[in-house]
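Okay, handing you the structure first.
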Protein chains: 2
Amino acid sequence: MQPAIRKLKILEAIVDSYIGTGEPVGSKTLCDGLDFNVSSATIRNDMAELAELGLLTQPHTSSGRVPTNLGYRIYVDKLMSVKPVSPKEQGAIRDSLLLHSDAPEHLLSEAAQILSDITRYAAAVTSPPADRAYVKRVKFVQTGNHTAMAVLITSTGMVRTRLFRCDFVVNDEVLNLFDNALNDKLQGTMLVDVTPAFIQSAAISLGELSMIVPNALIAIHDAARDAATTNIALEGQSKLLFLPEFSFESARQTVDFLNRTNDITRLLNDSDEPTRVLIGEETKIPELSEASLIISKYNVSDVCSGAIAVIGPTRMNYSKTIANTEYLAHTVGTMLSGLLNG
Amino acid sequence: MQPAIRKLKILEAIVDSYIGTGEPVGSKTLCDGLDFNVSSATIRNDMAELAELGLLTQPHTSSGRVPTNLGYRIYVDKLMSVKPVSPKEQGAIRDSLLLHSDAPEHLLSEAAQILSDITRYAAAVTSPPADRAYVKRVKFVQTGNHTAMAVLITSTGMVRTRLFRCDFVVNDEVLNLFDNALNDKLQGTMLVDVTPAFIQSAAISLGELSMIVPNALIAIHDAARDAATTNIALEGQSKLLFLPEFSFESARQTVDFLNRTNDITRLLNDSDEPTRVLIGEETKIPELSEASLIISKYNVSDVCSGAIAVIGPTRMNYSKTIANTEYLAHTVGTMLSGLLNG
DNA sequence: ATTAGCACTCGATGCACAAGAGTGCTAATA
DNA sequence: TATTAGCACTCTTGTGCATCGAGTGCTAAT
């Protein structure tokens, strides 16, 4: 066998072994596990070279080798093979998702739950961004003598509701009046344009009507803001605390970062690449320097939308996790497409 | 001073000091901090007696004393004084809550957020149980060509919505027909009675109509189940990971337990006592044996409803935390009463 | 290019020892 | 009887030191 090829095989074997056991792997152990016959001395020489290239390190001088993040990178890009999710697992995933396929939000949080359960790491799913969405329809529903619900339906098929309170006794007549007047103003308006200022100007042009139910305007504004905000569903954070590969410090830093909704959302929506694998410092986030992320984008009606991601340790089962994440992204995309446009 | 009284003062001083510093407190240190003059030897004798009574222990033979959970119990029940929340803080809390006082769910999750922020521990809030609630009204709102939203309004003023999909093109006429027929069946039915079997029988009695939109019935069922389920809002779990008083093991056990929604909900709704303080094993939950809970019930319209709680270490600032929790319970109760019955 | 052999490194483990904090006990005292 | 001073005792923490063993790097032979 070519020495160059052997070195790669050795790197692969080291990563595989280390991912499995968590123990630094030495030349002798490796020698036994390989399917070609070379002595441990040869392997030592090769490992020394791989270390020189920055693909391996030693925790200390007299211990086995451990992949560096660069080593993982080569492994992920060139060496490992992603084997598809088994049909049986595929079926289980689809079934679980179908049980929650009424509203997009439920589907997404269920997806995060499933992904976390099968990978045993933490999972996150972002909702599709709504920056191109506009107001399709606004409705009002009476819910009590003094309370009503604003319903906002977006062009993307999302529905947001908000309760509000009136100072006078609500009746369908007033709500209908308001409904008609407001739809004239709002239909077709981009969600991001439904600002307090916009609401203010709408109120003025509604004249007397707007004085009756100022809270309705606030409710609409809140609903629009809510619809325009990218949500994130997070599951299984506490699983990270039980992984032996995380030190206490890394685990809590990671969990703490995951709880910063804005930051993690931004990270996931950063790029439109179908699948990204970020290893350790590649995340550019100090708190995640011991963690790896697999981020897959899902497409709704062939347009790249939200992201579905797994957060785990750098010593992660990349092959299996990538397969699972990609499968879920694909399935969620398909289901959402049906849900929103059907 | 009476020796008996002095012993209690000493216990109080030890708890205060230990809560503040986290260091076991020795006779000498304590001697300086006391406002009455006795020698360290006397204090040693008293401490020995308190230890005999099971109120203090030593981490090891030659270190200072630390309160046992029983010691904390005496401290909480007899010694400490709960000083009310300052008017300034009260104002800040009310203002934050008012910003989210549209729907009960928002109010409750905001309350959890606030409580976690001011105590710097984890906080949880359960929604009022709905076991006595019945269906007040069901409505349907068209949201798309093939989609509609079921709206369920309960006797307690809660509103739940659920999207569903129809195989034919939706129009107001069908929805209205369905609406009228279904309200006849459902109005006044207890939420807990809206079972699949009940829905089934309703479907049959609706005849042909029910065949048109079977998904609507499922949506109603889901909405009712959702309304009947006690929700819990959880905030600041990851703060527990950074507390020096928790070992890694205790912290992750605690966080893991908090993520078991059913278990933590049951614990909070276990009793109707206005304020409970559970210290360590008093929770009867092994995973929480290093943690303490402050649980205050809030009343909606003078009826005991949900609970609002703080989860922290046994070495907790009980006085301040109890004050904060009780104030939030009171305020949330008042606001919710206005929201649901007004 | 590969291998056998060997000296070397370094963490882990166990042990001894000193320092320091804090106790428990005894005997004296108010 | 309650309090106190004094002192021996205990136990943790930290340090130094020798040993062990896994695994390496290097050299010389194949």
Practice task
Figure out the CD1/C1' separation between B/Ile14 and C/dT23, and round it to whole Å.
Solution key: 13 Å
Handout entry: Polar side-chain contact B/Arg44-D/dG6 base: donor and acceptor under 3.5 Å
Key = yes
Problem - Distance in angstrom units between A/Asn45 CG and C/dA4 C1', rounded - result: 12 Å
Handout entry: Separation of atom CZ in B/Arg65 from atom P in C/dG22, rounded to whole Å
Key = 12 Å
Fill in the blank from the handout: Under a 3.5 Å limit on both distances, the Watson-Crick or wobble mate of D/dC9 is C/dG22
Practice task
For C/dT3, take OP1 and OP2 only and decide whether either is under 4.0 Å from a side-chain N or O of A/Thr42.
Solution key: yes
Handout entry: Nearest-Å distance for atom pair NE2/P, residues A/His60 and C/dT9
Key = 15 Å
Exercise for the section: Please round to the nearest 0.5 Å and tell me the distance separating atom CD of B/Glu249 and atom OG1 of B/Thr254. Expected result: 9.5 Å
Practice task
Could you tell me whether B/Lys9 and B/Asp16 have a side-chain N and a carboxylate O separated by less than 4.0 Å?
Solution key: no
Problem - Distance, rounded to the nearest Å, where B/Asp46 contributes CG and D/dT3 contributes P - result: 7 Å
Practice task
State, to 0.1 Å, how close B/Ile19 and B/Tyr72 come at their nearest heavy-atom pair, and which atoms those are.
Solution key: CG1-CE2, 4.5 Å
Handout entry: d(CD1, A/Ile43; C1', D/dT24) in whole Å
Key = 13 Å
Practice task
Side chain of A/Arg6 only, please: which of C/dG22, C/dT2, D/dT3 is the nearest?
Solution key: C/dT2
Exercise for the section: Check whether the side chains of A/Ser296 and A/Thr275 place a donor and an acceptor atom closer than 3.5 Å, and report yes or no. Expected result: yes
Completion exercise
Note: for B/Ser62 and B/Ala41 on DNA chain D, the residue whose nearest nucleotide lies more 5' is B/Ala41
Completion exercise
Rounded to whole Å, the CG-C1' distance (A/Asn37 to C/dA1) equals 16 Å
Practice task
Tell me the partner of D/dA29, counting only Watson-Crick (N1-N3 plus N6-O4 or O6-N4) or G-U wobble (N1-O2 and O6-N3) with both under 3.5 Å; none if nothing fits.
Solution key: C/dT2
Practice task
Indicate, with a heavy-atom threshold strictly under 4.0 Å, whether B/Ser27 touches base, sugar-phosphate, or nothing.
Solution key: sugar-phosphate
Problem - Stepwise side chain to side chain donor-acceptor pair (under 3.5 Å) test for A/Asn259 and B/Ser238 - result: CA-CA 8 Å; A/Asn259 281 330; B/Ser238 67; 3.1 Å; yes
Exercise for the section: Rounded off to whole Å, could you give me the CE-to-C1' distance for the B/Met47 and C/dT23 pair? Expected result: 8 Å
